[in-house]
Amino acid sequence: MSAPDYRPTVFLPKTDFPMKAGLPEREPQILAKWQAADLYGQLRAARKGREKFIFHDGPPYANGDMHIGHALNHILKDAVVRTQTLLGKDAPYVPGWDCHGLPIEWKVEEAYRAKKQNKDEVPAAQFRAECRAYAQHWVDVQASQLQRLGINADWQKPYLTMDFEAEATIVSELLKVAESGYLYRGAKPVMWSPVEKTALAEAEVEYHDITSTQIDVAFEIVEAPNAPELVGAHAVIWTTTPWTIPVNQGIAYGPDVAYAHCQLLLADRLIADAERDSVWGQIDWSESGRYLVADNHLRAELEKRITKLLGVTAFLRPDGEYNGRDLVGAVAHHPMHHLGGFFATPRPFLPGEFVTTDQGTGLVHMAPDHGEDDFALCKAHGINPVFAVEADGRYRADWLWLGGEAKNVINPNLNAPDGPICSDLKASGALLSAGPFQHSYPHSWRSKKKVIFRCTPQWFVPMDRPMPWVEPKSRAEKGWENEGGAIDPAEEGLAASPTLRERAMEEIARVTFTPDKGRNRIGAMVEGRPDWVLSRQRAWGVPITLFVDRKTGDYLVDKEINEKIVARFREQGVDAWTPEFARELLGDRVDQYEQVTDILDVWFDSGCTHAFVLESGRWPELQWPADLYLEGSDQHRGWFQSSLLQSCATRGRAPYNAILTHGFTMDASGRKMSKSEGNTVNPLDIMQTYGADILRLWALSVDFTEDHRIGDEILKGVADQYRKLRNSFRYLLGALDGWSEKERLPVGEIPALERWVLHRLAELSVELKAAIEIYDFNRYVSLILGFVADDLSAFAMDVRKDSLYCDAPTAPTRRAWRTVLDITFHALTRWLAPVLVFTTEEVWSTRFPDAGSVHLLDWPEIDAGWNDPALARQIGLVRKLREETYLKLEELRRNKAIGSFLEARVDITTTHHDRIAALTGLDLAELLLVAEVALVPGDAEQLTVAKADLAKCARCWRHLPDVDDETQLCGRCTTVVPKTEDA
RNA sequence: GGGCCGGUAGCUCAGGGGUUAGAGCACACGCUUGAUAAGCGUGGGGUCGAAGGUUCAAAUCCUUCUCGGCCCA
C-alpha cells in the first residue's frame, strides 16, 4: 500500500533569500543604498558619546589603480574599525592619500616628453598644478575602488597631503622643528648630473655598459704603529674613477682582510706566463719599491696590470703577512703630497666593513665627496667633504691640483691613461697601472650622460643631539625603578635631555606591536639609522620654508615670520613660496638671506598626518594620539618611522599607542607578484568575478601577519567557505519564516540541546572578543566557521530538523528551537557583519526589511550565564557516542542493511556507569538521528547496530513504535496533521 | 652582502618539549532527495623545508643549509 503524501503538512524552511549569491551584481546595489542613506554618517551619530577607538589611516600614494596590497590593507583596516564599532565604540575612519613626490612628478614629466615638451620651460606653478590634478585623479579613482570593496569610511571628507591646510600644517610642523634649533645643514653624496646640473633620484637613472680607465695608485705609508716595518711601503688602491683621486682623503681597509707586504720586482723584459718559471734564473730582476695589497688572487691581477703598463714583467714577491687590524692608526701620504695644503695632510687608514676582496686591491681610496660608503666612514672619523667638484662637474678654480682644468670630471680624456691625472700621478711615481675597464655605470635618463656621486648641501634632523625642549623621562616612567640598585640622583640629572634616537627607542619599547616582532624590526632600524635627510631638489612637494643668513649660515628663527608663512600656505598652498613672498616677509633684509628652495622629503609630509588629521580639529570626531596605525611591514622604515620621529621631535612621544602590521601577498606558489612575471592578481577582477565579500573573506582568513598567498585554488576554497556561510544563513531565514515574538520561550524552559547552542554562543562571544582584542581575524573567522559547520549544520540543525519540520507550530519543542535559532541569527549576522559586509546586509534586510542597516547594530546580547560547562561535557559525551555509532552504522550501510541511519537500532553496553547517569534524561535516539537507542550497564564495552524492527512514519520518516497502520502516521504526527488541515 | 622574518595535509590554518600531529574546505565513496547547483556520514591523504645537535623524549629548543619575503647596501 502506497504511503499518503504528507509533504504539504510538513513545515519546510521558506525564504526568498537565493542560494546563488550573484555578488558582482548585488554588491553595487547594496553599496548604493548605503551611500544614499549616508551609512557612515548614521554610524557616527549612533556611536556619539561612546568610548572612542582612534584608528589613523596611513596615506597610500595617489598613483595608479588599487592593487592587491591596497585591498588587503584596507580590508584589514575596515575590519578593525568595524569590529571595534560592533563592540559599541565610536571608531571613525578618515581615509587619506599621499599626494606629493617624485613618482607623480615623473608621470607628469612623462606626459610632457610624449608631447615633446620640456619641463624646464613650463612655469613651476603650472607644473605643480598639473601634478595636483594628476594626484586628484587617482585619489578619486582609488576612493571609488575602495568603496566598492565595502570600506566604510568618511569618503565625503578624506585627507590629502596636498590640501592647502595639510601643506600649511606640514610647514608649521617643519618650523616647529626649526624653532627648537633641531635642523642642520650638512652634506651628503647624491646622484648628480653634471650636464643638467641637478640631483637625480634612483628612478631618473639608467645603467649602461661603458669603458672607464682603471688605475692603481700607490700611497706611501708614513706611520704604522702596529706594524712599523710597513713605513716606506706603498698601499695600493684601485679605482675606475681617476677624477676622484684629487679629492682623496683616506684609505679604507677590511678589518678581517689578509694583506701581503710585497717587494715589486721588475724583469728586464716581457715574459710570457707559460715560460716564466723555466726562464726564471735567466731574468735580471730589479727591485722597484715595496707595496701592500690583499693577500689573494688580487695580487696576481695587480701584477698583470703593472706588467701591462710598464711593458716588462712585474712580480710582487710576498714578504710578510698582515691583517687589517695591523693597519689601525696607520697613515699614508697622498701621491700629490708635494703640492702642499689639502694634499699635505696625512691620509689615515680607516676600517671599512664594506671592503671586499673580489675586485681591486683590498684597499679602497676614500673620497667622502663622491661615495656613500666613503662619506659615512669619513664622517664617522671626523673627515668632512671638501666640495672640490662644482655643480658643472669641474674642479673648483682654487683647487691646488687641476684647479681650473677645463674638462668635466666625466670627460673620458680627463681620466684617460694619458690624461692630466694619470700623467701627474706617473710623474710622482704613484701610478702603477692604467688601462681600460668595462662596467655598468649610471647615466641620466634625460641626457643619457654619465652621472656622478657628489656631495651637496642638505637639511638634516640629527638623531643624536639632545632635545632640551622635550621633558626627560624619570626612571619610574622608564620602568627602571625596580631594576636593581638605588636611584642615583646624579644619574637622573645626566639623563636630562634625551636625543631623538633615545626618545624614539623609548617609545618603541612602550608601544604595542602586533605581531610583536615588529618592535624588533623598527628598533633595529631606528637604532642604526643615520640622520634624517629632509631635503629634496625637486618641484612637487612642500618647500623647506627657511631663510639662511648668507654670512653666518644660520637659518632665521622668527616666530612672527613663521606664523605669516603658515597663514599664507593655508590660503595658497605650496605655490606661496616665491621670491616675492620672501621680499614681503623680510623687507630690506631680503638680500641678507638665502631663500631655501629645496622641498621636503615626502616622508616628512606623511610623518605629519597625525598633526593634520588627528590634532587639527578639522575632524572633530578624532583625537590625538591614535590608538592604532595599521600598515604593511615595509612601513617600519616608512610611515611608522617618519611619524614616530616627527612626533618625538615635536611632541616627545609617538603619535600612536599600537602598531599592527601585515605581510605581503604572494602569488599561488608563494612568489612575489610582478608585472614582468605576469603573476599579478587584480582585486578589481576578483570583485568582478567573485565579489568583494569573497575578497574580504580571503583577507580575513589568511595569516596576514606573515606573507600569504592568493590564487585561483585559494579563492575557490574561500568561495566554498562563503557558500557554507551563505547557505546556513539561508537555512536560518527559512527556518525562522513567520517567527513572532509570542513564540519565544524563556531560556529556562528549553531542552538541553538548545541550551547547549546558547552555551556555545556564550563561549564564542568571549573567544571572538579575545580575537578582536589582538586583531586575530583569521581566528575570528575560523571560530565562526567552525561553529556554523560543525556545531550547527552537522549537529544541532541536523538533529532539530525533525522538530522544525514536523512538530506542531505551537509545540514547546519547536518554539524552543526557533527561539534559539532567532538568537543565533542575531549573533551570526552581527558577528559576520565586519567580514561579509554585503552579504550580512542582504541577510538582515531579507528578515527585517525596515530595520535599517545591520552595520549600525551592537554586539549581540548574549548572557554570560548561558555558559554551562556541565552541559558542554554532557553534549560532548553525546557527540562522542554519535561518532562511535556512525562508524558502525556506516558498515551496516555498506552492507546495504540500511539506507538512512533513521532505520537503525543501537545497543550499547558500557562499564562506565557514570556515563549512563550523565546521559540520563536525554533522548539519545533523537540526538543520534536513529530509530532507537538502548544504553545499559554491563561488564564489557559493546556497541552493536542493526536494522530496527519498527514502522516508518510516512510524515516524519522516523521509525517508531506508535505508527498507525492505516494513516502510517506516528503519534506525534497524528496530532499535528489534522491541526494543519484545520488551519 | 647586511638587518628582520617565515616554510605543518591539495588549499586556508591550529598545535610552540610529553600518548598515534589536528580542524575546516577540497578529493573519493556512500546516504538522503523535506536546506537539493543544498544537507549528512565514512574514508584516503603528512619525512611538520633539509641535515646535524641538545634531551629519556623534538613539529616544538640550538646550529648549519635551502627556498621564499620585507627593508637596506
I'd like to know if the side chain of [X] reaches the main chain of [Y], judged simply by a donor and an acceptor atom lying under 3.5 Å from each other, with no hydrogens or angles considered.
X        : Y        : answer
A/Arg814 : A/Leu804 : yes
A/Ser803 : A/Arg800 : no
A/Asp707 : A/Thr665 : no
A/Arg723 : A/Met19  : no

In whole angstrom, give me the gap between the [atom1] atoms of [N] and [M].
N     : M     : atom1 : result
B/A50 : B/U66 : C1'   : 7 Å
B/G10 : B/G44 : P     : 15 Å
B/G46 : B/U32 : C1'   : 33 Å
B/A57 : B/G1  : C1'   : 40 Å
B/A28 : B/U64 : P     : 46 Å
B/A26 : B/G45 : C1'   : 12 Å
B/G17 : B/G49 : P     : 16 Å
B/U55 : B/U60 : P     : 16 Å

Counter-base of B/G45, judged by Watson-Crick or G-U geometry with both distances under 3.5 Å: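 Its partner: none found.
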
Whether A/Phe604 and A/Trp532 hold their rings parallel, tilted or perpendicular, with breakpoints at 30° and 60°: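 The arrangement is tilted - the two ring planes meet at 30° to 60°.
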
Side-chain N or O of A/Asn520 closer than 4.0 Å to phosphate OP1/OP2 of B/G3: no

Whole-Å gap separating C1' (B/A23) and CZ (A/Phe787):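 Result: 16 Å.
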
base_contact_polar (B/C70 base, A/Arg521 side chain, donor-acceptor, <3.5 Å):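 In this structure, the two groups form a donor-acceptor pair.
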
Nucleotide-resolved protein contact map, nucleotides 34-42 of chain B, B/S/- at heavy-atom distance under 4.0 Å: BBS-SSSBS

Lys NZ or Arg CZ of A/Arg760 over A/Phe787 ring: under 6.0 Å, within 45°: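 That pair does not qualify as a cation-pi contact.
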
Pi-cation contact, A/Phe825 with A/Arg847 (under 6.0 Å, within 45°):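 The answer is yes, since A/Arg847 meets both limits relative to A/Phe825.
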
For the student: nearest non-hydrogen atoms of A/Asp791 and A/Arg879, plus distance: OD1-NH1, 2.8 Å

Nearest-nucleotide pick for A/Glu706, side chain only, options being B/A26, B/C5, B/C70: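 That would be B/C5.
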
Sugar-phosphate only, base, or nothing, as touched by A/Lys896 at under 4.0 Å among non-hydrogen atoms: sugar-phosphate

Nearest-nucleotide comparison on RNA chain B, the residue closer to the 5′ end among A/Gly899 and A/Leu785: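 The 5'-side residue here is A/Leu785.
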
Salt-bridge contact A/Asp798-A/Lys801 (side-chain N to carboxylate O under 4.0 Å): yes

Any N/O pairs under 3.5 Å between the protein and nucleotides 12-14 of chain B? List them or say none.
residue : atom : partner  : partner atom : Å
B/U12   : O2'  : A/Ser701 : O            : 3.2
B/C13   : OP1  : A/Asp703 : N            : 2.3
B/C13   : O3'  : A/Asn778 : ND2          : 2.9

